[in-house]
Amino acid sequence: LWPWLLASSGLSALVQLVTLPFFPDSPSYLLIQKGNEEACRKAIRKLWGEGDHQAEIDDIMKEKAAMTSTKTLRVLEVIKERSLRWQLYILMTVMTTLQLCGINAIYFYSFEVFHTAKFEEYLIPYVSLGVGLCECLSSILCSTLIDRFGRKVLLWGGYTLMCSVLALLTMSLSLQHQFFWMHYLSVILIFLFVIFYGIGP
């Protein structure tokens, strides 16, 4: 079953490969990058149907004007630019914490935790699949929550909850030989960690 499950991702790639040539180019790409207004109008009509789409074309033209007046900076220029320094610090902090948050360790050791929790050998791959499904569903949930609460709240909340869960997971793994129910608590905490990771970072 697993080889078929892994190969199933190739099905969506095949569908894209077959259907993509029939899709029109992006109107903004045709107008801004190519400078072809007629092709842009044709693409808009193909996407949105017949009608007056001058307002959309005017918006794209404004975007083009804004892009031409904006200077493109090289990497060293971005680093040296004082007005961009805080944005650069925030970006580097977010990306670093994302790499060091512990999600890779959770995925790497989850099989061992499930095995210690006395799950049947044939069930462990399905429990691992459930962990991946939790991340997928929580990422979808995040897209609805981000408009309501904002990125900052989700980042702070996600990292705070993840730290709490990791502390509890460390405690449960240390005490799993003393209390039989600690194995099951560890499994629950792994699922919670993945959910908070999907909602937050």
Side-chain angles (χ1 to χ4, degrees), residues 1-64 66-67 72 91 94-111 113-114 119-151 153-155 157-158 162 187 190-201:
L1 184 64
W2 282 103
W4 288 105
L5 191 62
L6 288 171
S8 64
S9 59
L11 185 63
S12 61
L14 183 65
V15 170
Q16 287 183 34
L17 190 66
V18 171
T19 57
L20 266 173
F22 301 102
F23 283 94
D25 286 320
S26 164
S28 57
Y29 165 76
L30 290 169
L31 192 56
I32 295 171
Q33 302 293 329
K34 295 291 188 182
N36 191 339
E37 190 172 333
E38 186 53 43
C40 172
R41 289 180 184 277
K42 188 178 177 183
I44 287 175
R45 282 195 298 271
K46 194 170 182 181
L47 287 167
W48 298 327
E50 295 295 331
D52 184 21
H53 301 292
Q54 189 59 42
E56 287 82 3
I57 292 171
D58 290 341
D59 286 341
I60 297 171
M61 290 299 285
K62 286 177 190 172
E63 185 183 341
K64 184 179 181 180
M67 285 177 69
T72 304
L91 183 65
V94 169
M95 295 313 294
T96 304
T97 52
L98 192 61
Q99 292 301 314
L100 302 175
C101 70
I103 189 68
N104 293 326
I106 289 289
Y107 275 122
F108 187 77
Y109 288 108
S110 61
F111 187 89
V113 172
F114 297 151
F119 278 100
E120 296 289 339
E121 200 71 35
Y122 74 94
L123 283 176
I124 292 176
Y126 295 103
V127 179
S128 299
L129 184 64
V131 171
L133 188 63
C134 270
E135 184 179 352
C136 182
L137 293 174
S138 59
S139 299
I140 294 168
L141 178 63
C142 175
S143 63
T144 59
L145 292 176
I146 199 165
D147 292 329
R148 184 177 298 177
F149 298 108
R151 186 77 179 135
V153 173
L154 290 182
L155 274 174
M162 284 163 64
V187 173
I190 284 175
F191 274 89
L192 284 175
F193 183 87
V194 170
I195 289 168
F196 295 146
Y197 172 79
I199 291 173

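For reference, positions follow the sequence shown, starting with 1.
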I need the L154 CG to I199 CD1 distance, nearest 0.5 Å.
8.0 Å

Does F191 have more than 12 heavy atoms from other residues, nucleotides or ligands lying within 6.0 Å of its CZ?
yes

Can E135 and Y107 be counted as having a side-chain donor-acceptor contact under 3.5 angstrom?
yes

Using side-chain heavy atoms (C-beta onward) and a distance below 4.5 Å, is Y109 in contact with I190?
no

Going by heavy atoms in the side chains, are L137 and L133 under 4.5 Å from each other?
yes

Cationic N near anionic O, under 4.0 Å, E37 to R41
yes

From CD (E38) to CG (L31), nearest 0.5 Å:
11.5 Å

Does any non-hydrogen side-chain atom of F114 lie less than 4.5 Å from one of V131?
yes

Looking at NZ of K62 and CD1 of I57, how far apart are the two atoms once the value is rounded to the nearest 0.5 Å?
13.0 Å

Under a 4.5 Å cut-off applied to non-hydrogen side-chain atoms, are Y197 and C101 in contact?
yes

Can you tell me how far OG1 of T96 sits from CD of Q99, rounded to the nearest 0.5 angstrom?
8.0 Å

Check: V127 and F111 side chains under 4.5 Å, non-hydrogen atoms:
no

Criterion side chain to side chain contact (heavy atoms under 4.5 Å, CB included) on F108 and N104, from CA distance to verdict:
CA-CA 6 Å; F108 187 77; N104 293 326; over 6 Å; no

Nearest heavy-atom contact between A43 and L30 is CB-CD1, 3.7 Å

Distance from R45 atom CZ to K42 atom NZ, nearest 0.5 Å?
8.5 Å

Check whether any side-chain heavy atom of E56 sits under 4.5 Å from a side-chain heavy atom of P27, and report yes or no.
no

Could you measure the distance from the OG atom of S28 to the NZ atom of K64? Nearest 0.5 Å is fine.
11.5 Å

Side-chain contact test, heavy atoms from C-beta onward, threshold under 4.5 Å: evaluate it for L129 versus P125 and give yes or no.
no

Tell me, do V94 and L155 make a side-chain contact under 4.5 Å, heavy atoms counted?
yes

In short, F22 meets V18 closest at the heavy-atom pair CE1-O, 3.2 Å

